[in-house]
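This one's a predicted model, so the numbers in the text were calculated from it and none came from an experiment. Below, chains carry the letters A, B, ... as their sequence lines are ordered, and counting in each starts from 1.
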2 protein chains.
Amino acid sequence: MPSKRTPKALPRAYHHGDLRSALIQSALGLLRDEGPEALTLRGVARAAGVSQAAPYRHFKDRRALVAAVAEEGFRMLQSAMLHAAQKADGRLGLKQVAIAYVQFGHEHPAEYRIMFGPEVARHDELPDLRETSSAVLAFVQVGLEQLQAAGSIGAGDPAAMAATIWSMLHGLVMLSLDGQTAGVGLTLDQLVDETTRIMMFGMASRT
Amino acid sequence: MPSKRTPKALPRAYHHGDLRSALIQSALGLLRDEGPEALTLRGVARAAGVSQAAPYRHFKDRRALVAAVAEEGFRMLQSAMLHAAQKADGRLGLKQVAIAYVQFGHEHPAEYRIMFGPEVARHDELPDLRETSSAVLAFVQVGLEQLQAAGSIGAGDPAAMAATIWSMLHGLVMLSLDGQTAGVGLTLDQLVDETTRIMMFGMASRT
DNA sequence: ACCTGAACACCGTTCAAGT
DNA sequence: ACCTGAACACCGTTCAAGT
């Protein structure tokens with residue numbers, strides 16, 4: 001008995017064992033087009049053209065899919081930061097990276113929220129995500145050590161300084177996405193500028 | 001022009017007393033005991049001992065309940081900051097408030113996540129929440145203006161500085177809750193200390 | 001005026017069965 | 001080996017009906 005049901009957009013990866021990647025791509029598309037609340041296991045399966053149970057061949061549960069999506073986000077973020085750093089040099093590096101970081105959050109708001117959302121917060125059981133996300137901190141820290149070597153900023157624990165900077169950038173992205181900085185009479189770029197300047201002055205003064 | 005503060009709804013005696021307040025209290029209890037994912041409309045109704053449909057007499061939808069819970073959180077946060085500021089004076093104020101802020105996030109992690117979660121992020125339609133949450137920024141700004149008047153920090157737009165500090169504190173709470181600062185060899189208190197110092201130095205240097 | 005019970009559409013997850 | 005269809009328990013929301 002032949003079934004005449006023809007799926008509209010069956011991803012070609014379907015038959016080649018690439019369903020895992022196809023699901024992540026579908027998830028990224030849903031996030032971009034419909035926001036964080038659209039990131040459901042059934043919705044992603046639907047978008048990928050497979051049954052609701054199919055994702056369980058590739059992800060232990062919904063959290064595992066969300067973690068994979070978050071990982072992909074951290075890779076994109078790191079790439080954006082790296083790109084910004086390569087275009088700058090010396091003292092300007094930190095500012096350029098800061099701008100790129102905040103820009104990434106505003107260009108991919110739903111993705112960014114997933115990356116730092118409660119669903120993947122406890123990543124004790126998600127070693128891949130832990131590694132990918134901690135690369136952000138390491139990246140900032142290396143940059144700070146170069147600034148220290150160049151004498152642009154004072155001595156001090158670079159890990160602590162890196163955590164400070166990351167906290168600053170993360171908070172700025174989240175609060176501005178939430179509209180909490182709307183009352184301040186500055187554009188986002190101006191805020192990033194002001195913020196980076198305060199941080200640079202503060203770290204320069206450390207002995 | 002008299003700004004009219006419209007009271008939400010006069011508490012009236014229901015069968016359960018004030019069911020609206022009871023639901024919010026139940027929600028806070030669920031958050032504390034079981035985390036953010038336990039904040040469901042049906043679960044809250046169950047915890048309050050009413051039917052699943054009863055909350056709709058008091059909240060338009062789930063989002064309205066979440067917003068009310070977030071509002072309560074911002075009131076608690078502001079109270080903690082105010083209390084810390086009153087115990088300190090002068091330059092020490094900022095540090096004490098910063099410690100109190102971060103402490104609040106770590107004592108009420110699930111509540112804090114709800115306050116800044118995506119469900120209430122777009123608060124264009126939640127004027128009460130908008131007002132309550134923006135009070136945090138105003139509080140910090142007033143403190144900064146006092147520091148400026150005392151000459152402890154340099155000139156500069158206090159609103160921008162306040163946004164910078166709030167971003168810093170918010171990012172620190174979120175990243176430390178997510179375990180992202182675990183790699184840094186410092187305790188949370190030490191991180192707050194380092195962070196506050198950098199900010200104070202940075203703002204002192206502004207001319 | 002306030003609340004209940006049933007209903008609907010949706011979701012995460014499991015499992016026997018199909019290819 | 002990989003996927004499907006059905007099933008279960010849960011959720012948000014609506015609505016007629018009860019007190």
Side-chain angles (χ1 to χ4, degrees), chain A residues 1-24 26-27 30-31 34-70 110 114 117-120 122 125-126, chain B residues 8-24 26-27 30-31 34-70 110 114 117-120 125-126:
Chain A
M1 183 123 106
S3 164
K4 294 180 298 189
R5 183 173 45 83
T6 307
K8 38 226 141 170
L10 188 66
R12 62 180 80 256
Y14 180 92
H15 284 297
H16 299 70
D18 276 3
L19 182 54
R20 189 191 145 91
S21 301
L23 289 168
I24 295 177
S26 294
L30 279 176
L31 276 179
E34 305 184 34
E37 73 281 4
L39 189 55
T40 69
L41 213 39
R42 288 170 100 115
V44 169
R46 213 178 296 129
V50 294
S51 81
Q52 69 213 223
Y56 285 91
R57 292 295 116 203
H58 304 273
F59 298 100
K60 174 172 156 281
D61 53 16
R62 178 178 182 279
R63 188 157 176 257
L65 170 63
V66 173
V69 170
I114 290 296
E119 293 143 322
V120 294
R122 292 264 57 84
E125 299 292 327
L126 304 168
Chain B
K8 265 182 281 289
L10 295 179
R12 288 195 51 184
Y14 303 148
H15 274 156
H16 280 263
D18 189 350
L19 181 55
R20 189 192 144 92
S21 300
L23 289 168
I24 295 176
S26 294
L30 280 176
L31 276 179
E34 306 183 34
E37 73 281 4
L39 189 55
T40 69
L41 213 39
R42 288 171 100 114
V44 168
R46 216 178 295 130
V50 293
S51 81
Q52 69 214 224
Y56 285 91
R57 291 297 116 202
H58 305 273
F59 299 99
K60 174 172 156 281
D61 52 16
R62 179 178 181 279
R63 187 158 177 257
L65 169 63
V66 172
V69 170
I114 290 295
E119 294 144 322
V120 294
E125 298 292 328
L126 304 168

Dot-bracket line, read 5' to 3' along DNA chain D, where crossing pairs take [ ] and | marks a partner on another strand, Watson-Crick or G-U under 3.5 Å: ||.|||||...|||||.||
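With rounding to whole Å, A/Arg46 atom CZ is found 14 Å from D/dT4 atom P. If you measure from atom CD of A/Glu119 to atom P of C/dC11, you get 15 Å, rounded to the nearest angstrom. Nucleotide C/dG12 holds its P atom 14 Å from the CZ atom of A/Phe59, rounded to whole Å. If you take CD of A/Glu37 and P of D/dG12, they are 15 Å apart, rounded to a whole angstrom. Rounded to whole Å, the distance from CG on B/Leu19 to P on C/dA1 is 17 Å.
Each of A/Ala54 and B/Leu39 lies near DNA chain D, and the nucleotide nearest A/Ala54 is the one positioned closer to the 5' end.
Residues passing the salt bridge (charged side-chain N to carboxylate O under 4.0 Å, His left out) test with A/Arg20, sequence neighbours excluded: none. A/Glu34 meets the side chain to side chain contact (heavy atoms under 4.5 Å, CB included) test with A/Leu30, A/Ala38; sequence neighbours excluded.
In this structure, A/Ala27 and A/Val69 approach most closely via the heavy-atom pair CB-CG2, 3.6 Å. Taking all atoms of both residues into account, the shortest heavy-atom contact from A/Glu119 to A/Ile114 is OE1-CD1, 4.0 Å.
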Extract all donor-acceptor atom pairs below 3.5 Å that involve side chains of residues 48-58 of chain A and protein atoms in other chains or at least two apart in sequence.
residue	atom	partner	partner atom	Å
A/Ser51	OG	A/Ala53	N	3.3
A/Ser51	OG	A/Ala54	N	3.4
A/Gln52	OE1	A/Arg42	NH2	3.2

Write out a two-atom table: protein N or O, nucleotide N or O from nucleotides 13-16 of chain D, distance below 3.5 Å.
residue	atom	partner	partner atom	Å
D/dT13	OP2	B/Tyr56	OH	3.1
D/dT13	OP2	B/Arg62	N	2.8
D/dT13	O5'	B/Tyr56	OH	3.2
D/dT13	O4	B/Arg42	NH1	3.4
D/dT13	O4	B/Gln52	OE1	3.4

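Separation of atoms OG (A/Ser26) and CG (A/Leu31) is listed at 11.0 Å; rounding is to 0.5 Å. The CG atom of A/Asp61 sits 8.5 Å away from the CG atom of A/Leu41 when rounded to the nearest 0.5 Å.
Taking side-chain N and O atoms only, A/Ser51 has no distance below 4.0 Å to OP1 or OP2 of D/dC3. OP1 or OP2 of D/dC3 sits under 4.0 Å from a side-chain N or O of A/His58.
Side-chain atoms of A/Val44 and A/Phe59, non-hydrogen and from C-beta on, never get closer than 4.5 Å to each other.
Here the side chain of B/Arg63 pairs no donor or acceptor atom with the backbone of B/Val120 at under 3.5 angstrom.
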